[in-house]
Amino acid sequence: MAHTLLVVDDSASMRQMVTFTLKDAGYEVIAAAHGKEALAKLDGTRVSMVITDLNMPEMDGIELIRQLRSRPGCRFIPIVMLTTESQEAKKQAGRQAGASGWIVKPFNPDQLVETVRKFVK
Amino acid sequence: MMKMIDKPTVFVSLLLLVTASPVLIGSRPARLIATAALIVPAIIAAQLCLRQRVRRNVPETPQHGPVSSVPEQNAEPVDTSPRPEVELIPVLVNQLQSVINDTETAALEIGGRFMDIVSRARAQAARAAESLGEFAGSGGDDGKALIKVSKQAFAAVMDNLRSVSDVARRTLANIGKISESMTNIREVVSEIDYIADQTNLLALNASIEAARAGEHGRGFAVVADEVRRLSTRSTSAADSIGKLSRHVEEEIAGICSETERYSSRSEQRSLESERIMEATLARLDQVMAQAGSELDAISAGTGELARDIGSIVVSMQFQDITRQRIEHVIGPLQDLHTRWQRCAAEPNPARAGNPDGDAGRGVERLEDIYTMESERRVMRDTLTGSVGTA
């Protein structure tokens, strides 16, 4: 059975591309436009990994990670940030919130799939 | 040009230039769209600020080095009169937002179509591979391998044809043996005929001797007659056997001739069929080899497509990056507009504060908003004068 991944990005075209790349690699994908929508869609659904943007309306990536880490079923799932943010301080904030990894946009699809395979086996 | 511009002008120009400059580098379509979308509002915004300066007739403030590093000394009196041009900032913001929406819609449509093409190409390649696999026997299910089944069927037919020829050859060999036996029978009949003749001669001599013996030879004469009669019957039986054996030999010769013709035809047909089947199978193998090459080409094409996906996915992300860069212009523009509105609404210039805001804090604000190293680099280069503002 294929692993289900949660993809969160406020850009519809990015969601489309990430979803296509991951589905092409054999994963099931749940997509959300921001943190709140992600939490709502996650309710009752078990995912193997979360890939999230950082700067989003409603609820940003850092807050989403914090909230996920406070949920019993999500404390140990890998969370990778996929964002244009390149500052080390922001990366550190992401790590402190509980992010497992970081991919800077523009990303190569092979790099994304390789990262997912590293976390989800 | 820098001498002609006051702080809001510098701020707006800087803001737009910082965002637009990296967009000018490179030739990707998304960058070109964003370039057009950014430059027009940048020019308008700069002109608006310049007009504002001319209308207010405020003397220029000499500036050296980075704009943001100049301390705000002797702040000018704030002009709280209505500034209709400044009110156009929301229009610019909405224009930029519209660009974001339009490019997002276009990127979604392009992405959707591209992914549809990729999916269909992959599905077709998979179907071609599956069909060829079924046909050639490399599809995993040997029962469906048409070529393999055909070869097996051809081999069975060839075996049948060869066995028919073998039967005909064995029949001919058996008929040859029967023919040899008939020759032996004819020799035996000839011997019987000879014995019967000799017996008849002996019986005749015995009858003569019995007549000479007179009364004493009467009984012997009867025996001699009986022996002669038996030899006559033997001769007659040998004649009948001879006739029958000749008839049988003629029949066997006919069968032999017919069987030879049949065997020859059968062997010919068998050879011909074998030649046709081998040619057919060779042709099938050739066709399959061609189909395999085509499939390899399709697979190679699909591989290239996969590589293209990578580069296109990377390219498509520039829409998202451009969107964020434009949003990083919209936010500060909105802040600037809010401050100007606040100043315009305040009747007491002393209480209104500086509508330009703190230049130093403006740079900090931009640094905080920017997420990309390229944005920060352009800002640094602009502030240090490495990149011109016109």
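Everything quoted here is computed from the prediction, not taken from an experiment. Letters go in sequence order (proteins before strands), and every chain restarts at 1.
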Measure across A:Ser13 and B:Gln319 and return the closest heavy-atom pair with its distance rounded to 0.1 Å. OG-OE1, 3.0 Å
Could you tell me the separation between the OG1 atom of A:Thr84 and the CZ atom of B:Arg323, rounded to the nearest 0.5 Å? 8.5 Å
Looking at B:Asp320 and A:Arg15, is there a salt bridge between them, counting it only when a charged N and a carboxylate O are closer than 4.0 Å? no
Turns out that what part of A:Thr83 lies under 4.5 Å from chain B's heavy atoms comes down to neither
Got a second to check how far B:Phe114's CZ is from A:Met17's CE, nearest 0.5 Å? 10.0 Å
More than 12 heavy atoms of other residues, nucleotides or ligands under 6.0 Å from NZ of A:Lys91: is that the case? yes
Looking only at atom types and distance, does a side-chain atom of B:Glu104 sit under 3.5 Å from a main-chain N or O of A:Ser11, one as donor and one as acceptor? no
Minimum heavy-atom separation for A:Gln16 and B:Leu108, please, with both atom names. NE2-O, 3.1 Å
Are B:Arg376 and A:Glu85 within salt-bridge range, i.e. N to O under 4.0 Å? yes
If you look at every heavy atom in A:Lys90 and B:Asp368, which pair is closest and at what distance? NZ-O, 3.6 Å
Say whether, by atom type as modelled, one donor and one acceptor occur between the side chain of B:Gln317 and the main chain of A:Met14 under 3.5 angstrom. no
Would you say the side chain of B:Thr371 lies within less than 4.5 Å of the side chain of A:Leu54, judging by non-hydrogen atoms? no
Within 6.0 angstrom of A:Arg46 CZ, more than 12 heavy atoms from elsewhere: no
Has A:Glu28 got more than 12 heavy atoms of other residues, nucleotides or ligands less than 6.0 Å from its CD? no
Does any backbone or side-chain atom of B:Glu373 lie under 4.5 Å from a heavy atom of chain A? Answer side chain, backbone, both or neither. both
Chain B contacts, top residue of A:Val104, A:Asp9, A:Val18, A:Asp24 (heavy-atom pairs, under 4.5 Å): A:Asp24
